[in-house]
Amino acid sequence: MRWRWLLAGTLLLLLVAAGAGAVALRQALSPVAQQAPDVLFSVSPGETLGTIATRLEREGLVRSALAVNWLARWRDLASSLQAGEYRLSGALRPEEILERIAEGRVETYEVVLPEGLTLVRIAERLAAAGLADREAFLALARNPENARQLGVEGETLEGYLFPETYRLPKGLPPLEVARVLVDEFHAVWEELAPLAERQDFTMKDAVTLASIIEKETGVTEERPLIASV
């Protein structure tokens, strides 16, 4: 009979320990506070889960780095965490924080590129917004190999960086920033290409003409007249 009591006592202790462990884990994975300010948290390329979890705890965004590490592995997110800048808060559940980083929901910044900007002015605006180094962007934009890679006609990207309002994350390589702008050009060109072909215009012809018109006038109403000439 004695061994039965010992077995029952051992099982009871295990159940109590398991229950206490579950409570402790649930507490460790709860938000740090009901309300907390947003902060920007950067994940570096190649940074490990352990380092990220430790910094999240150090910056007051989670209660326990160990619990976050366990959760990420249990959710199979450890290899999915993406580099970038994230807007996080201690009011978020650790699961939400991990999901944001795994899904790459990075903070973005607005940059306005109006019509008529030169390549240099575009590089300056991107630099002012913290989205690209001015000299690095100009160097890639003037490289004929990059122009070919991005599918445009010409030796540089001059005229192919489409004027628009963009929201971009910080930390993108300059080539990827240029790709976003050129892709916008391609989307518009796809609609205009049939008309250009009827006029026997190449992509480069159209961009050159648009540049000439832009230099002649900044008044939108005058552009059709100048184009007809």
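No side-chain donor from either of R93 and S30 sits under 3.5 Å from a side-chain acceptor of the other. A donor-acceptor contact closer than 3.5 angstrom links the side chains of T48 and T51.
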- Message: Using side chain to side chain donor-acceptor pair (under 3.5 Å), reason through T202 and D205 one step at a time and then give a plain yes or no.
- Response: CA-CA 5 Å; T202 65; D205 291 335; 3.1 Å; yes
- Task: Evaluate side-chain contact (heavy atoms from CB on, under 4.5 Å) for E57 paired with T54, printing each intermediate quantity in order.
- Result: CA-CA 5 Å; E57 180 182 346; T54 298; 6.0 Å; no
- In sequence, state the C-alpha distance, the side-chain angles, and the governing distance for Q149 and L175, and then conclude on side-chain contact (heavy atoms from CB on, under 4.5 Å). CA-CA 10 Å; Q149 182 178 339; L175 181 59; 3.6 Å; yes
- Does the side-chain contact (heavy atoms from CB on, under 4.5 Å) test come out yes or no for V177 and L126, once each step is laid out? CA-CA 9 Å; V177 175; L126 290 171; 4.0 Å; yes
- Between V207 and F185, does a side-chain contact (heavy atoms from CB on, under 4.5 Å) hold up when you go through it step by step? CA-CA 10 Å; V207 169; F185 166 84; 3.9 Å; yes
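Nearest heavy-atom pair, L98 versus L81, reported as atom, atom and distance to 0.1 Å: O-CD2, 4.0 Å. Closest approach of I122 and L117 over heavy atoms only: CG1-CB, 3.8 Å. Residues A53 and V62 approach most closely at O-CG2, 4.4 Å, considering heavy atoms.
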Would you give me the side-chain donor-acceptor pairs under 3.5 Å for residues 35-47, sequence neighbours excluded?
residue, atom, partner, partner atom, Å
E47, OE1, S44, N, 3.0
E47, OE1, R55, NH2, 3.1
E47, OE2, R55, NE, 2.8
E47, OE2, R55, NH2, 3.1

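Both L138 and V180 are part of a single hydrophobic cluster, where members link through side-chain heavy atoms under 4.5 Å apart.
Under a 3.5 Å cut-off, the side chain of R125 and the backbone N or O of V112 do form a donor-acceptor pair.
Heavy-atom contacts from other residues, nucleotides or ligands closer than 6.0 Å to CD of E110 number more than 12.
Remark: E95 engages R75 in a salt bridge, criterion side-chain N to carboxylate O under 4.0 Å.
Residue pairs meeting the side-chain hydrogen bond (donor to acceptor under 3.5 Å, both in side chains) criterion with at least one partner in residues 151-175, sequence neighbours excluded, are T108-R167.
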